[in-house]
Amino acid sequence: MTLPTTLDEAVAALTAVPAAVPVAGGTDLMAAVNSGQLRPAALVGLGRISEIRGWQYLDGHALLGAGLTHARMGRPDFAALIPALAASARAAGPPHIRNAGTLGGNIASAAPTGDALPVLAALEATLIIAGPGGARREIPVSHLLAGMDLLRPGELIGYVRVPLLHAPQVFLKATGRTGPGRAVASVALVLDPARRGVRCAVGAIAPMPLRPLEAEQWVAQLIDWDNNRAIVPDALTAFGEYVAAACIPDAAPGEDGTVPPLPPAVLHLRRTVAALARRALGRALS
């Protein structure tokens, strides 16, 4: 294993051995290795790169190092900065996972159940990618997760740029069992008072987080932004149903024009998403 101490050294190591695989916390990578799904020719360890293990303020944004662990993001000082991302970090699993797993690893592995992913989608975060020769480029995190702009040979996620909205934001998830576990469904919701907007992303139910844009725009018009962000209570329920129907639509009509019912498990998942979205908006506005 190669153990570089700077981001550019890590990129150089990956460029020199194209088959090498970068590893930070290794929570997903080692699971794949242990199960026989992955046999990397070489590893480039990122644990000694101090420049990506913290964060800084930059032009109304937070610049987060890709090496930030879930445990570090879950602390109160970080929670005051980006509450929804801190909440997702605290929900990422048992202590040994939170202590090892990193923000960049969560993004790079792009597992649908990654708790940070819907939060980053709702925040409309961008990634700063480090490439060969000291090159840097910036892409929306949603483009990487959707496969619209993939990492090129030798590239690494260096930083995540997150806008600081200074407004309520919520992350909620439902698991298949009690205690920390993989999400069956998750919802991240952030308010953007400057733009009088609501941004919502639903995770775990699809290969990438889903943004119900029409539901966001609809509910934003119902909020009294000048009067303590008041909203009619019935609108919370309607918003939850709107989000769930957008993310888990009805089945396509058959040849006779009738719409077949959704399977019970899918209906249950839709109700779960509706409840999470309703609660998330209610908490953000309370």
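Salt bridge annotation for Asp226-Arg196: present, with a cationic side-chain nitrogen under 4.0 angstrom from a carboxylate oxygen. Taking 4.0 Å as the cut-off between side-chain N and carboxylate O, Asp59 and Arg161 do not count as a salt-bridged pair.
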Between Val187 and Cys200, is a side-chain contact (heavy atoms from CB on, under 4.5 Å) present by the stated rule, with each step listed?
-> CA-CA 7 Å; Val187 168; Cys200 177; 3.9 Å; yes
Val184 vs Leu269, side-chain contact (heavy atoms from CB on, under 4.5 Å): CA-CA, chis, key distance, verdict = CA-CA 8 Å; Val184 173; Leu269 184 61; 3.7 Å; yes
Could you walk me through whether Asp115 and Arg90 pass the salt bridge (charged side-chain N to carboxylate O under 4.0 Å, His left out) test, one step at a time?
-> CA-CA 9 Å; Asp115 291 320; Arg90 290 192 293 266; over 6 Å; no
Could you go step by step and tell me if Tyr159 and Leu103 meet the side-chain contact (heavy atoms from CB on, under 4.5 Å) rule?
-> CA-CA 9 Å; Tyr159 302 91; Leu103 178 62; over 6 Å; no
Salt bridge (charged side-chain N to carboxylate O under 4.0 Å, His left out) between Asp149 and Arg137, intermediate numbers included = CA-CA 11 Å; Asp149 198 337; Arg137 66 187 180 99; 3.1 Å; yes
Quick one: do His70 and Asn99 satisfy side-chain contact (heavy atoms from CB on, under 4.5 Å)? Show the steps, please.
-> CA-CA 6 Å; His70 300 306; Asn99 288 332; over 6 Å; no
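Judged as a side chain to side chain contact (heavy atoms under 4.5 Å, CB included), and not counting sequence neighbours, the contacts of His96 are Pro94. For Asp250, the salt bridge (charged side-chain N to carboxylate O under 4.0 Å, His left out) criterion is met by Arg270, not counting sequence neighbours. By the side chain to side chain contact (heavy atoms under 4.5 Å, CB included) test, Pro168 is found to be paired with Leu191, Arg229, Ala284, residues two or more places apart in sequence or in another chain being considered. Checked against ring-ring contact (aromatic ring centres under 6.0 Å, His included), Trp218 has the following partners two or more places apart in sequence or in another chain: Tyr242. Applying the salt bridge (charged side-chain N to carboxylate O under 4.0 Å, His left out) test to Arg136 and every residue at least two apart in sequence or in another chain returns Asp8.
Taking all atoms of both residues into account, the shortest heavy-atom contact from Ala86 to Met73 is CB-O, 3.2 Å. Ala206 approaches Pro112 most closely through the heavy-atom pair O-CB, 3.3 Å. Contact between Ile49 and Pro4 at its shortest, heavy atoms only, is CG1-O, 3.6 Å. Across all their heavy atoms, Gly254 and Pro260 have their closest contact at N-CD, 4.4 Å. The heavy-atom pair separating Thr69 from Ala100 by the smallest distance is CG2-O, 4.4 Å. Heavy-atom minimum distance, Gly74 versus Ala89: N-CB, 4.0 Å.
The backbone N or O of Ala122 sits less than 3.5 Å from a side-chain atom of Arg199, completing a donor-acceptor pair. Side-chain atoms of Gln169 come within 3.5 Å of backbone N or O of Ala84 as a donor-acceptor pair. For the pair Ser88 (side chain) and Leu85 (backbone), a donor-acceptor distance under 3.5 Å is present. Side chain of Trp55 to backbone of Val160: no donor-acceptor contact under 3.5 angstrom is found. Under a 3.5 Å cut-off, the side chain of Asn227 and the backbone N or O of Ala230 do not form any donor-acceptor pair. In this structure a side-chain-to-backbone donor-acceptor pair under 3.5 Å is present from Glu155 to Arg152.
Atom OG of residue Ser142 and atom CG of residue Leu117 lie 11.5 Å apart, to the nearest 0.5 angstrom. Atom CE of Met208 is separated from atom NE2 of His143 by 9.0 Å, given to the nearest 0.5 angstrom. Remark: Lys173 NZ to Arg182 CZ distance equals 9.0 Å, nearest 0.5 Å. Here the OG1-NE2 distance, from Thr126 to His61, works out to 6.5 Å after rounding to the nearest 0.5 Å. Rounded to the nearest 0.5 angstrom, Thr2 OG1 and Leu46 CG are separated by 10.5 Å. Rounded to the nearest 0.5 angstrom, Ile157 CD1 and Leu144 CG are separated by 5.5 Å.
At a threshold of 4.5 Å between side-chain heavy atoms, the hydrophobic network of Ile, Leu, Val, Met, Phe, Trp and Tyr places Ile129 and Leu120 in one connected group. Linking ILVMFWY side-chain heavy atoms closer than 4.5 Å, directly or via other members, places Leu267 and Val273 in a single hydrophobic cluster. If you chain together hydrophobic residues whose side chains sit under 4.5 Å apart, Leu68 and Leu81 fall into the same group. Residues Leu150 and Val21 do not share a hydrophobic cluster, clusters being chains of Ile/Leu/Val/Met/Phe/Trp/Tyr side chains in contact below 4.5 Å. Residue Leu172 is grouped with residue Leu236 when hydrophobic side chains (ILVMFWY) are merged at heavy-atom distances under 4.5 angstrom, including chains of intermediate members.
Counting heavy atoms from C-beta on, the side chains of Pro118 and Val202 never come closer than 4.5 Å. Residues Val23 and Val44 have side chains not in contact (no heavy-atom distance under 4.5 Å, counting atoms from C-beta outward). Using a 4.5 Å heavy-atom cutoff, the side chains of Val198 and Ile223 are in contact.
Counting non-hydrogen atoms of other residues, nucleotides and ligands closer than 6.0 Å to CD of Glu51 gives a total above 12. Annotation for Asn228: atom CG does not count as buried by contact number, only 12 or fewer foreign heavy atoms lying within 6.0 Å.
Within the structure, ring-ring contact (aromatic ring centres under 6.0 Å, His included) contacts touching residues 196-215 (residues at least two apart or in different chains) do not occur.
Inspection of the Glu9 and Thr5 side chains reveals an N or O donor paired with an N or O acceptor under 3.5 Å.
When each of Val243, Leu285, Leu281 is tested with Leu189 by the rule side-chain contact (heavy atoms from CB on, under 4.5 Å), just one qualifies, namely Leu281.
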